[in-house]
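Just so it is clear, the structure is predicted and the values come from calculations on it, not from any experiment.
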Amino acid sequence: MSEFARHLEACGFESIILAEHTVLMTQYTSVYPYDPSGRVEVAADCPVPDPLEMLAFLAGRTTTLGLATGVLVLPNHHPVMLAKRAATIDVLSGGGRLRLSVGVGWLREEIEACGADFDSRGRRADEQIHVLRALWAENPGGVSHHGEFYDFDNAMCYPKPVTAQGVPIHIGGHSRFAARRAGRLGDGFQPLGVAGSELATLVEVMRVSAEEAGRDPDSLELSLGHLVTKVDAERAGRLAEMGADRLVLGMPSVTDINEAKDMLSACSQRLGL
């Protein structure tokens, strides 16, 4: 991972993005929404490191590379502890390199194993984002919060993130709920597993939601996906015309680090990084 991340940085890519599954199940009835089979392609015994722990490790092995989740399964995390962990990484990275892309998750069995109710995870996510932002802000008297899921008084959380706005929070997902959450509460939107008219609809939902909340939709970043082996300047240009501020490039499954580095180098050259 260190060699991979350092090569990403040398090639001129903006950031490394790590997914999350706290646990995977050998048996589950949940439907994976990003494959026609309804089954996740990752084996249950695949090593999936905690993304925040891994990003903290990679922060010490890199200098300028952005450090991002994509996506963090928000219901699996208590927001008070998450606020501390994220701010710490942001400060230790030496320049506010952390970005959180969060989602509400699809694997009921995982979320319930982590102690959260699956059906209320959307309301919980809204409240979690409010708690994170409150704890990251400067509040001389401390933060008090009395919500549906979290309740505390006079809490102070230091260190603060590097910027006064806090760690950027992007919303990942494929539903109108996710698009609306991005418009109301997010710093950006990362649509997952959608394209064409469906993608255009979700982006419009995000923009309308932002306007209804009194926010400028043009201030929200849009991250669109592609494959590192297939993207080129022409494809990237088309995505930029659709409003993309960032391309999230998926890597194929390879076991040889040199093969992976060659893919990154070739992609960097095609994109003129």
With rounding to the nearest 0.5 Å, note down the distance linking [atom1] in [X] to [atom2] in [Y].
| X | Y | atom1 | atom2 | value |
| --- | --- | --- | --- | --- |
| L202 | R180 | CG | CZ | 10.0 Å |
| R97 | L67 | CZ | CG | 5.0 Å |
| T62 | H7 | OG1 | NE2 | 14.5 Å |
| L264 | T229 | CG | OG1 | 11.0 Å |
| S253 | E41 | OG | CD | 7.5 Å |
| F149 | S120 | CZ | OG | 4.0 Å |

Open item on the list: Under 4.5 Å side-chain heavy-atom separation, chaining through any Ile, Leu, Val, Met, Phe, Trp or Tyr, what else clusters with V71? Say none if it is isolated.
Closed with: V23, L24, M25, Y28, Y32, Y34, V40, V42, V48, W106, L107, L192

Open item on the list: With no hydrogens and no angle check, just 3.5 Å: does a side-chain donor-acceptor pair link H77 and Q128?
Closed with: no

Sequence-distant partners of [X], salt bridge (Lys or Arg N to Asp or Glu O under 4.0 Å), two or more places apart:
| X | value |
| --- | --- |
| D126 | R181, R184 |
| R108 | E112, D119 |
| E221 | R246 |
| R215 | none |

Task: Given H146, H78, H145, the one that forms ring-ring contact (aromatic ring centres under 6.0 Å, His included) with F152 - done: H145

Please determine whether residues [X] and [Y] belong to a single hydrophobic cluster, defined as Ile, Leu, Val, Met, Phe, Trp and Tyr linked transitively by side-chain heavy-atom distances below 4.5 Å.
| X | Y | result |
| --- | --- | --- |
| V143 | Y150 | no |
| I89 | L8 | yes |
| V102 | L224 | yes |
| I16 | F57 | yes |
| V208 | L220 | no |

What's the shortest heavy-atom distance between [X] and [Y], and which atoms?
| X | Y | value |
| --- | --- | --- |
| E127 | G147 | OE2-CA, 3.3 Å |
| L98 | P168 | O-CD, 3.4 Å |
| R124 | P75 | CD-CA, 4.3 Å |

Are any side-chain N or O atoms of [X] and backbone N or O atoms of [Y], one a donor and one an acceptor, separated by less than 3.5 Å?
| X | Y | answer |
| --- | --- | --- |
| N154 | G142 | no |
| E9 | T63 | yes |
| E20 | T69 | no |
| K261 | F4 | no |
| K160 | A137 | yes |
| D187 | I169 | yes |

Open item on the list: For R207, is there an ion pair with D218 - N to carboxylate O distance below 4.0 angstrom?
Closed with: yes

- [ ] In sequence, state the C-alpha distance, the side-chain angles, and the governing distance for L132 and L82, and then conclude on side chain to side chain contact (heavy atoms under 4.5 Å, CB included).
- [x] CA-CA 8 Å; L132 289 171; L82 180 59; 4.0 Å; yes

- [ ] Evaluate the criterion side chain to side chain contact (heavy atoms under 4.5 Å, CB included) for residue pair C267 and L249; output intermediate values, then yes/no.
- [x] CA-CA 10 Å; C267 180; L249 303 178; 3.8 Å; yes

Open item on the list: Assess the residue pair I129 and I171 against the criterion (side chain to side chain contact (heavy atoms under 4.5 Å, CB included)); give the C-alpha distance rounded to whole Å, side-chain angles, the decisive distance to 0.1 Å, and a yes or no.
Closed with: CA-CA 10 Å; I129 293 171; I171 308 301; 3.8 Å; yes

Task: Pair listing, salt bridge (Lys or Arg N to Asp or Glu O under 4.0 Å) test, anchored in residues 45-69, at least two apart - done: D50-R85, E53-R85

TODO: Please assess H130 against L185 for the test side chain to side chain contact (heavy atoms under 4.5 Å, CB included), listing each intermediate value before the final yes or no.
DONE: CA-CA 8 Å; H130 285 298; L185 301 174; 3.6 Å; yes

- [ ] Verify the neighbour count for atom CZ of R39: are there more than 12 heavy atoms of other residues, nucleotides or ligands below 6.0 Å?
- [x] yes

